**Q** 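Sending over a structure as structure tokens; questions will come in a sec.
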Amino acid sequence: MADSYDVVIVGGAVIGSAVACYLTSDPDFNGRVLVVERDPSYATASTGLSASGIRTQFSNEINVKISQYGLEVIRDFAQSVAVDGPGPDLHFHEGGYLYLANNETAERILRENHAVQTACGADVVLWDQEALSRAFPHLNVADIRLAAYGRSGEGWFDNTGLMHGFRAKARAQGGEYLADEVVDLVAEAGRVTGVVLKSGRTISAGTVVNASGARAAKVARMAGLDLPIEPRKRTVFVFDCAQSPQGTATVNGGRLPLMIDPTGVYCRPEGRYFLTGAPPLEDPAVDWDDFDPRHDEFEEIIWPALAERSPAFEAIKPIRHWAGHYDYNTLDHNLIVGRHPDCPNFICANGFSGHGLQQAPATGRAVAELIVHGSYQTLDLSELGVERILENRPFLEKAII
């Protein structure tokens, strides 16, 4: 390992590895890249603990386009990250997302979102109560005013496969990975000049990329910068169903989608089981090392909502659960990406608030473009820049899960 690198990336999970992959694959970049990852097992990385979904059903055009690019990458991933033979098969399940609205405000939002999505070419349809019932006969739709369903381009996939594919490709292209922890940054005259490692070494850096997930605010503070990002806990449950409704749909070969109930509870197939979760009733910031599942959410929030939505979900039994962290942007729950105006060689790729996995390809490409070319060359992510944070100007997204 050298004492100096052109780019040091703090965090080597899916975001950091995507940045490293795109950076080292750019023919106009001939620098050295170091990725510092505090836990090379990735046991508590948000990447591996997520529900692994991708959707185009957002309310902002740029978020739709970010996911559309992510879908392109996922579909061609095994070929695009091939090293000595094909890369990982991400086992993309194109099951779609299904949003349900049961009041006038929610219906209006679905219609407004749909206009944005279809203008971007997303394959999303709106259904009334009758059409919804025909498509998914197991659902109780008596209270539903409108549904939005992604017929293609949405689903779930292998989360760690995406990360490991980017990582392997980055290393094959010359990127270096180091198992260590950044405990401080060296900064002078409004620039970061190096990273201090827990092992005691100091590594000089031309550019530092903050891809540290839920610890992003902690890393930013090392440079004297503030980011409105907190670790927020989300518990995911896998349950068995006595009489599974999988196969009963009259669309998509009988396969069920990821359904978002009006209560906020989501549910999707997971092999022969189902995977589910919900926004907690209370959502405080937690310690970076707090991964204790909130067991009561299943009985108090999830099961009542699912049982009300479908008779098939009245008899279900949780068989597995875990907790992960959102890198929660408290200003507007959206990605913060780009150079920090107060420290131009400190680049943020943070605050995904649960969308990091699906937004990793576009984010990795965008950060690499900033470093190599000085500006965005493909998708312009300026709206999601740090400037809006400093100006307290939220980038509002109405389709947050």
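Throughout, numbering of the chain's residues begins at 1 and tracks the sequence. Bear in mind the structure is a predicted one, so any value in this text is a computation, not a measurement.
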**Q** Under a 3.5 Å threshold, yes or no: a donor from one side chain and an acceptor from the other, between Ser152 and Glu154?
**A**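 Distance-only check fails for Ser152 and Glu154.
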**Q** What I'd like to find out is whether the side chain of Val186 reaches to under 4.5 Å of the side chain of Thr202, using heavy atoms alone.
**A**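 Touching, per the 4.5 Å side-chain cut-off.
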**Q** If you measure only the distance, is there a donor-acceptor pair under 3.5 Å linking the side chains of Ser67 and Arg55?
**A** no
**Q** What is the minimum heavy-atom distance between Ile229 and Gly351, and which atoms define it?
**A**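 Ile229 and Gly351 have their closest heavy atoms at CD1-N, 3.5 Å.
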**Q** Using 4.0 Å as the upper bound for N to carboxylate O, is an ion pair formed by Arg75 and Glu94?
**A** yes
**Q** Within the 4.5 Å heavy-atom criterion, are Leu34 and Val7 side-chain neighbours or not?
**A** no
**Q** For the residue pair Gln68 and Thr56, confirm or rule out a side-chain donor-acceptor distance under 3.5 Å.
**A**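 Distance-only check fails for Gln68 and Thr56.
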**Q** Tell me whether Arg388 is salt-bridged to Glu383, with the criterion being a basic N under 4.0 Å from an acidic carboxylate O.
**A**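 Result for this pair is no, no salt bridge flagged.
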**Q** Walk me through it: do Ile62 and Phe395 pass the test side-chain contact (heavy atoms from CB on, under 4.5 Å)?
**A** CA-CA 11 Å; Ile62 192 61; Phe395 180 81; 3.5 Å; yes
**Q** Can you name the closest pair of heavy atoms from Ala217 and Leu227 and give their distance?
**A** CB-O, 3.6 Å
**Q** With distance as the sole criterion, is a donor-acceptor pair present between the side chains of Glu397 and Asn63 under 3.5 Å?
**A** yes
**Q** State whether the number of non-hydrogen atoms from other residues, nucleotides or ligands found under 6.0 Å of Trp127 atom CH2 is greater than 12.
**A**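 For Trp127, atom CH2 is crowded (more than 12 foreign heavy atoms under 6.0 Å).
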**Q** Which pair of heavy atoms, one from Ser204 and one from Val8, lies closest together, and at what distance?
**A** O-CG2, 4.3 Å
**Q** Within a reach of under 6.0 Å around CD of Glu61, are more than 12 heavy atoms found that belong to other residues, nucleotides or ligands?
**A**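 No, CD of Glu61 has 12 or fewer neighbouring heavy atoms, counting only those of other groups under 6.0 Å.
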**Q** How long is the gap from CG on Leu335 to CG on Asp332, to the nearest 0.5 Å?
**A** 9.5 Å
**Q** For Leu396, is there any backbone N or O sitting under 3.5 Å from a side-chain donor or acceptor partner on Asn60?
**A** yes
**Q** Please step through side-chain contact (heavy atoms from CB on, under 4.5 Å) for the pair Thr363 and Phe352, ending with a clear verdict.
**A** CA-CA 10 Å; Thr363 302; Phe352 295 89; 3.5 Å; yes
**Q** Does Asp283 pair with Arg232 as a salt bridge, N-O distance under 4.0 Å?
**A**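 The answer is yes: the pair qualifies as a salt bridge.
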**Q** Any side-chain heavy atom of Ile9 within less than 4.5 Å of one from Ile15?
**A**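 Side chain of Ile9 against side chain of Ile15, heavy atoms only: no contact under 4.5 Å found.
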**Q** Going by atom types only, do Arg167 and Tyr42 share a side-chain donor-acceptor pair under 3.5 Å?
**A**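 Judged by distance alone, the side chains do pair up.
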**Q** Please say whether more than 12 non-hydrogen atoms of neighbouring residues, nucleotides or ligands are located less than 6.0 Å from NZ in Lys233.
**A**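 Atom NZ in Lys233 is crowded, with more than 12 foreign heavy atoms closer than 6.0 Å.
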**Q** Does a salt bridge link Glu176 with Arg32, judged by any charged N lying under 4.0 Å from a carboxylate O?
**A**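 So Glu176 pairs with Arg32 through a salt bridge.
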**Q** Test ring pair (Phe, Tyr, Trp, His ring centres under 6.0 Å) on Tyr326 and His333; report intermediate values, then the result.
**A** CA-CA 10 Å; Tyr326 277 8; His333 325 307; 9.8 Å; no
**Q** Check the pair Phe313, Phe239 against ring pair (Phe, Tyr, Trp, His ring centres under 6.0 Å), reporting the backbone distance first and the verdict last.
**A** CA-CA 10 Å; Phe313 292 142; Phe239 67 84; 5.7 Å; yes
**Q** Within a radius of less than 6.0 Å around CD of Glu308, do more than 12 heavy atoms belonging to other residues, nucleotides or ligands occur?
**A**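 Counting neighbours around CD of Glu308, 12 or fewer heavy atoms of other residues, nucleotides or ligands fall under 6.0 Å, so no.
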**Q** Is it the case that the side chains of Thr24 and Asp26 hold a donor-acceptor pair, with the cut-off being a distance below 3.5 Å and no angle test?
**A** no
**Q** Return all side-chain donor-acceptor pairs below 3.5 angstrom for residues 77-87, not counting sequence neighbours, or 'none' if the list is empty.
**A**
unit_1: Ser80; atom_1: OG; unit_2: Asp76; atom_2: O; d: 3.3
unit_1: Ser80; atom_1: OG; unit_2: Phe77; atom_2: O; d: 3.2

**Q** Just wondering, are more than 12 heavy atoms of other shown residues or ligands nearer than 6.0 Å to CD in Glu104?
**A** no
**Q** Is Arg320 positioned over the aromatic face of Phe237, cation under 6.0 angstrom from the ring centre and no more than 45 degrees off axis?
**A** no
**Q** Just so I know, are the side chains of Trp303 and Leu306 near enough to count as touching, which here means a heavy-atom distance under 4.5 Å?
**A**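 No. Closest side-chain heavy atoms not under 4.5 Å.
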**Q** Rounded to the nearest 0.5 Å, how far does CD1 of Ile144 lie from OG of Ser133?
**A** 11.0 Å
**Q** What are the two closest non-hydrogen atoms of Gln246 and Leu256, and how far apart are they?
**A**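 Closest approach of Gln246 to Leu256: OE1-N, 2.9 Å.
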**Q** Do Asp180 and Ser199 get their side chains close enough for a donor-acceptor pair, meaning under 3.5 Å?
**A**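 Asp180 vs Ser199: donor-acceptor pair found between side chains.
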**Q** Using 30° and 60° as the class limits, which term best fits the ring planes of Phe136 and Tyr149: parallel, tilted or perpendicular?
**A**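 Judged by the thresholds at 30° and 60°, the geometry between Phe136 and Tyr149 is perpendicular.
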**Q** Does Val286 form a side-chain contact (heavy atoms from CB on, under 4.5 Å) with Phe291? I'd like the steps, not just the answer.
**A** CA-CA 9 Å; Val286 298; Phe291 290 93; over 6 Å; no
**Q** Do Val386 and Pro341 have side-chain heavy atoms sitting under 4.5 Å apart?
**A** yes
**Q** Does a side-chain N-to-carboxylate-O contact under 4.0 Å join Arg309 and Asp143?
**A**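 Looking at Arg309 and Asp143, the cut-off is met.
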**Q** Measuring from Cys267:SG to Phe274:CZ, what's the distance to the nearest 0.5 Å?
**A**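 Spacing of SG (Cys267) from CZ (Phe274) equals 6.0 Å.
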**Q** Check this for me: does any side-chain nitrogen of one of Asp240 and Arg272 sit under 4.0 Å from a carboxylate oxygen of the other?
**A** yes
**Q** Can you tell me how far the CD1 atom of Ile319 sits from the SG atom of Cys241, to the nearest 0.5 Å?
**A**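 It is 11.5 Å, given to the nearest 0.5 Å.
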**Q** Taking only Lys NZ, Arg NE, NH1 and NH2, and the carboxylate oxygens of Asp or Glu, determine whether Asp342 and Arg191 approach each other closer than 4.0 Å.
**A** no
**Q** What's the shortest heavy-atom distance between Gly354 and Asp327, and which atoms?
**A**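 In this case the closest contact between Gly354 and Asp327 is N-OD1, 4.4 Å.
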**Q** Can you give me the closest heavy-atom contact between Ala249 and Arg255, atom names plus distance?
**A** CB-O, 3.8 Å
**Q** With rounding to the nearest 0.5 angstrom, report the OG1 to OH distance, Thr378 to Tyr69.
**A** 7.0 Å
**Q** Taking atom types as modelled, find out whether Asp290 and His325 have a side-chain donor-acceptor pair closer than 3.5 angstrom.
**A** no
**Q** Would you check if Arg268 and Trp156 make a side-chain contact, meaning some heavy-atom pair closer than 4.5 Å?
**A**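 Heavy-atom side-chain distance check passes, below 4.5 Å.
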**Q** Compare all side-chain heavy atoms of Met222 with those of Val182 and state whether any distance is below 4.5 angstrom.
**A**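 Yes, at least one pair of side-chain atoms sits under 4.5 Å.
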**Q** Is any side-chain N of the basic residue among Asp289 and Arg215 closer than 4.0 Å to the acidic one's carboxylate O?
**A** yes
**Q** Distance alone, cut at 3.5 Å: any donor-acceptor contact between the side chains of Ser244 and Tyr273?
**A** no
**Q** If we only count heavy atoms from C-beta on, is the Ile203 to Ser4 side-chain gap below 4.5 Å?
**A** no
**Q** How long is the straight-line distance from OG1 of Thr47 back to CE of Met163, given to the nearest 0.5 Å?
**A** 6.0 Å
